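Notes follow the structure.
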2 protein chains.
Amino acid sequence: MLKISKKADYALMALQHIAAAQFGDMMPGRVVNTKEIAEEYNIPLELLAKVLQTLAKNALIESHNGPKGGYVLARRAHQITIAQILESIEGPLGITDCSHEKDGEFCMQREHCNIRTPLLKVQDSIAQLLNNMTLQDMMGGTPLITIQSPTAQGVER
Amino acid sequence: MLKISKKADYALMALQHIAAAQFGDMMPGRVVNTKEIAEEYNIPLELLAKVLQTLAKNALIESHNGPKGGYVLARRAHQITIAQILESIEGPLGITDCSHEKDGEFCMQREHCNIRTPLLKVQDSIAQLLNNMTLQDMMGGTPLITIQSPTAQGVER
DNA sequence: TGTTAGTCCGACCTTATTGATCGGAGATCA
DNA sequence: TGATCTCCGATCAATAAGGTCGGACTAACA
């Protein structure tokens with residue numbers, strides 16, 4: 001349950017790899033092409049290409065055409081959150097259908113729905129978690145993840 | 001992204017309803033049948049029936065056959081966690097495919113996989129969240145949800 | 001300046017999962 | 001014994017996910 005899609009998996013791997021090619025926080029760094037990533041991680045080339053296109057469209061990476069072309073991070077690794085990556089690929093976070101209902105559209109169960117409020121709170125907590133973790137945190141062996149409580153102070157792990 | 005299934009939604013609604021019929025923490029309380037729940041929340045009867053069967057099989061509720069039969073909570077509301085409910089319906093928590101790999105089976109990307117460790121930590125955090133929230137917490141208007149950091153102290157919200 | 005390696009982009013197909021339905025067997029109580 | 005309920009398995013349709021294909025466009029380099 002609560003699985004993320006393979007495409008999202010691929011996106012994370014690819015971004016981590018592209019970020020690693022930009023060693024030392026230097027921007028811009030080495031340009032990485034689709035083939036290199038696909039072979040490194042055994043990802044179907046065409047599928048990965050589509051994932052990278054999507055990421056580029058969402059301004060997480062920049063594409064460079066032509067020979068010696070490829071992808072580079074559009075921002076620094078610590079400015080890209082996991083939430084941004086996942087939402088680029090899978091759309092907005094929403095553990096339940098009625099998460100994004102505009103005024104006027106209701107789910108069939110709405111009138112007597114007893115679980116909407118608590119579920120939205122769970123969702124908020126997950127959103128916080130993903131928003132507070134960046135690509136930088138996923139790099140290297142360095143420890144990561146802070147759980148941020150709404151009343152502040154993150155807890156180093 | 002990270003959506004839970006409709007079946008899981010139905011399970012949560014149904015359990016909340018059954019729990020509500022056991023007012024005052026008295027065990028056992030009023031027996032609730034499938035039809036009553038289905039009509040109350042506009043859930044397809046047959047589908048709900050299957051969901052309830054699954055919950056019964058996982059010992060979250062008890063079924064009583066025959067006329068005036070129906071379902072009752074198998075334990076008290078504060079002893080049933082959201083994680084247990086969701087896992088009954090959707091299987092074990094696993095945001096990524098390789099979450100439950102036994103020794104010997106690896107995903108294609110395993111050898112160079114750079115995201116496994118961080119993702120597992122995210123997963124742990126979500127698991128904690130769902131394990132610390134019970135059916136009881138979903139009842140009534142009472143505030144709920146604690147985010148528990150691994151280094152202890154829950155933070156009341 | 002033309003060729004070529006590479007990205008870009010959209011349409012398409014295939015398969016797995018989810019949501020939903022149906023029919024009958026077994027249990028219980030009036 | 002009959003009516004009412006749960007139980008259980010098989011089945012089907014709709015949707016989303018995973019993966020593929022072909023053509024257009026761009027930029028480096030000979």
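Naming convention: chains lettered A, B, ... in sequence-line order (proteins, then strands); numbering from 1 in each chain. Keep in mind that this is a model prediction, so the values were computed, not measured.
Counting to the nearest Å, the P atom of dA20(C) and the CG atom of Asn42(B) are 12 Å from each other. In this structure, CG of Asn33(A) is placed 8 Å from C1' of dG6(C), rounded to the nearest angstrom. The CG atom of Leu2(B) sits 12 Å away from the P atom of dA17(D) (whole-angstrom rounding). Lys3(A) places its NZ atom 14 Å from the C1' atom of dG18(D), with the value rounded to the nearest Å. Rounded to a whole Å, the CD atom of Glu46(A) is 17 Å from the P atom of dA11(C). Distance CG (Leu55(A)) to C1' (dC9(C)): 15 Å, rounded to an integer number of Å. Between Lys7(B) atom NZ and dT21(C) atom P there is a gap of 13 Å when expressed in whole angstrom units. Computed from coordinates, the Leu45(B) CG to dC5(D) P distance equals 11 Å when rounded to whole Å.
Between dG19(C), dC9(C), dA27(C), one nucleotide has an atom nearer to the side chain of Leu47(B) than all others, and that is dG19(C). Of all nucleotides listed (dT7(C), dT4(D), dG19(D)), dG19(D) comes nearest to the side chain of Lys6(A). With distances taken from any side-chain atom of Ser5(B) to the nucleotides dG19(C), dG6(C), dT20(D), the minimum falls on dG19(C). Distance from the side chain of Gln53(A) is smallest for dC9(C) among the nucleotides dA17(D), dG19(C), dC9(C).
Expressed to the nearest 0.5 Å, how far CG of Leu86(A) lies from CD of Gln84(A) amounts to 10.5 Å. Within the model, atoms CD1 of Ile126(B) and CE of Met1(A) stand 8.5 Å from one another, a figure rounded to the nearest 0.5 Å. The distance from the CZ atom of Arg76(B) to the CG atom of Leu135(B) is 13.5 Å, given to the nearest 0.5 Å.
When the nearest nucleotides of DNA chain D are assigned to Gly69(B) and Lys50(B) by heavy-atom distance, the more 5′-ward of the two goes with Gly69(B). Closest-nucleotide positions on DNA chain C for Gly66(A) and His64(B) were compared, and the one nearer the 5' end corresponds to Gly66(A). Closest-nucleotide positions on DNA chain D for Ala8(A) and Leu52(B) were compared, and the one nearer the 5' end corresponds to Leu52(B). If Glu90(B) and Asn65(B) are placed on DNA chain C by their nearest nucleotide, the residue sitting closer to the 5' end is Glu90(B).
Side-chain nitrogen and oxygen atoms of Tyr10(A) include at least one within less than 4.0 Å of the OP1 or OP2 phosphate oxygen of dG19(D). Look at Thr34(B) and you'll find a side-chain N or O under 4.0 angstrom from OP1 or OP2 of dT6(D). Phosphate contact (OP1/OP2 of dT4(D), side-chain N/O of Lys35(B), threshold under 4.0 Å): absent. OP1 and OP2 of dC5(D) both lie 4.0 Å or more from every side-chain N or O belonging to Tyr71(B).
Between the side chain of Gln22(B) and the main chain of Val72(B), no donor-acceptor pair closer than 3.5 Å is present.
For the pair Ile82(B) and Val122(A), the minimum side-chain heavy-atom distance is 4.5 Å or more.
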